[in-house]
Amino acid sequence: MQEMSTSGVRATVLDLLGYGGVALAIAGTVIALEGAGLTTQTIAGAAVTVVLLGAGWLVGGSGAGDAQHRMRGIFWFVALQSWSQVISVLLGADGADLQGRSLILASGLLLAVLAVPLWFMEKRSLQLIGAFSAVLTVAGALVYSETEVFGSPIPNIRWMAVVTAVLGAGLLVMGMWGAARPRRTAMVLGSLALIAGVTLATIDVVGLALSGGNASDVTLIALVATSVLVVFAGERAGIVAVFGIGIIGMIAGIAALVGEHVEGDVGGVIVVVAGVVLLGATIALITKKAPAAPVMPEAPAAPAAPDAAPEA
């Protein structure tokens, strides 16, 4: 027991040293490059990315344990964040000055160039988040469109939301089948993307912002229906987090839907009574004991075999 405790403390200390070193190096780089030009920032960001990739490669080499692979995953996720900053500088106002579809598509492709291979090499939660974000960005750029409001173009998120819902559903199913790993992360990420995508695809964001009103019945019903599907997916896969996400979405949708259509004291009392009845029925069904299985009579014992005849 003492040996296991010492080993665990050593691993934790090494984790702290490694992560602390990365934090100090990044903070120092940012301070040193404050006010630097575009070329210097780009080179420095690329250098930080390469160093973190190399550190992760060395830490998680052959024979490495789970703690080392976890450290590799974190190093590579930070490297991906550094790479995204390089992309922002290269494509932003001080660089190529891309806008709209071109900016989103180029950013997604450059991010995917690094994020997708990292997930194939280290299938951990942070790598899956990075790869899914990159794929989602590229797919969203392909359906990107703009709508004019008071003469100014603003992004129309409806089709991007549809893509988000489709990719989220695909990731959820792949997680259930074990085709995307880690399984739990894939299902959680897919559930969130599915619910968010369906909700945003059915909502009039511009009208909602201008009117200051509430979401439509279609949006709320879609939220409830999607959340119920997520609940069943979580229950079938035995992933409590996915089940919880679906429950929260369902509760939020039902509460908003009832709040939209029920008014006054009488209506409130009716809703309370309905809720209490449902809750009571649920408790009764949960606590009800299942009928005992009938006891089958034991089959009669087979007759003993006759003794062997004596030898002649």
Side-chain angles (χ1 to χ4, degrees), residues 60 65-67 69-70 72-74 76-77 80 108-109 111-143 157-203 215 218-257 278 282 285-286 290:
D66 184 68
H69 281 284
R70 181 177 64 244
R72 170 191 271 190
I74 293 175
W76 281 359
F77 185 75
L80 189 63
L109 288 173
L111 194 64
V113 165
L114 182 60
V116 174
L118 288 182
W119 175 70
F120 274 104
M121 289 186 287
E122 189 67 53
K123 289 185 171 62
R124 301 190 73 89
S125 297
L126 293 176
Q127 277 61 60
L128 179 59
I129 292 172
F132 182 73
S133 299
V135 172
L136 189 60
T137 302
V138 173
L142 297 177
V143 296
I157 66 170
R158 175 155 295 169
W159 285 109
M160 289 190 290
V162 170
V163 167
T164 301
V166 171
L167 291 179
L171 187 60
L172 177 62
V173 172
M174 290 174 65
M176 289 182 64
W177 290 348
R181 299 199 307 263
R183 185 168 179 254
R184 181 179 182 275
T185 303
M187 293 191 65
V188 168
L189 198 57
S191 300
L192 293 173
L194 173 59
I195 292 176
V198 169
T199 303
L200 292 175
T202 57
I203 199 171
V218 174
T219 298
L220 297 177
I221 292 172
L223 172 60
V224 173
T226 306
S227 299
V228 169
L229 291 176
V230 170
V231 168
F232 278 107
E235 189 278 333
R236 179 178 177 82
I239 307 295
V240 177
V242 176
F243 185 91
I245 290 170
I247 290 295
I248 291 173
M250 185 191 73
I251 291 175
I254 291 176
L257 195 59
L278 285 177
T282 302
L285 291 172
I286 290 176

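Atoms considered below: every heavy atom in the structure, side chains included; atoms not considered: hydrogens, waters and symmetry mates. Just so we're clear, the structure is a prediction, and the values are computed from it rather than from any experiment. Counting from 1, the numbers follow the sequence of the chain as shown.
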Is there a donor-acceptor pair under 3.5 Å between the side chain of Ser227 and the backbone N or O of Ile247? no

Rounded at 0.5 Å granularity, tell me how far CH2 in Trp119 sits from OG in Ser125. 12.0 Å

Give a yes or no on this: more than 12 heavy atoms of other residues, nucleotides or ligands lie within 6.0 Å of atom CZ of Arg181. no

Heavy-atom nearest pair, Thr164 first then Ala193, reads CG2-O, 3.5 Å

Mind checking the CD-CH2 spacing from Glu122 to Trp76? Nearest 0.5 Å is all I need. 6.0 Å

Kindly indicate whether the side chain of Thr219, heavy atoms from C-beta on, has any atom under 4.5 Å from the side chain of Leu223. no

Value for CE (Met187) from CZ (Phe243), rounded to nearest 0.5 Å, stands at 12.0 Å

Side chains of Met250 and Ile254: does their closest heavy-atom pair fall under 4.5 Å? yes

Of all heavy-atom pairs between Thr199 and Thr202, which one has the smallest distance, and what is that distance? O-OG1, 3.1 Å

Once rounded to the nearest 0.5 Å, what's the spacing between atom CG of Leu229 and atom CD1 of Ile195? 9.5 Å

Can you find a pair of side-chain heavy atoms, one from Trp177 and one from Arg183, that are under 4.5 Å apart? no

Side chain to side chain contact (heavy atoms under 4.5 Å, CB included) partners of Leu194, counting only residues at least two apart: Ala165, Ala169, Leu172, Val198, Thr226, Val230

Shortest non-hydrogen pair, Leu167 vs Phe132, comes out as O-CE1, 3.9 Å

Flag, side chain of Arg158 to backbone of Ile203, donor-acceptor distance under 3.5 Å: yes

Does Thr185 reach the side chain of Arg124, with side-chain heavy atoms less than 4.5 Å apart? no

Tell me every residue that passes side chain to side chain donor-acceptor pair (under 3.5 Å) with Thr137, counting only those two or more places apart in sequence or in another chain. none

Kindly give the heavy-atom pair with the smallest separation between Pro182 and Leu128, and that separation in Å. O-CD2, 4.0 Å

Side-chain touch Val162/Val143, heavy atoms, less than 4.5 angstrom: no

Ion pair check, Arg72 and Asp66, cut-off under 4.0 Å: no

Any idea which heavy atoms bring Ile129 and Leu189 closest together, and the distance? CA-CD2, 4.0 Å

Set of side chain to side chain contact (heavy atoms under 4.5 Å, CB included) partners for Ile248, sequence neighbours left out: none

Minimum heavy-atom separation for Gly140 and Val163, please, with both atom names. N-CG1, 4.2 Å

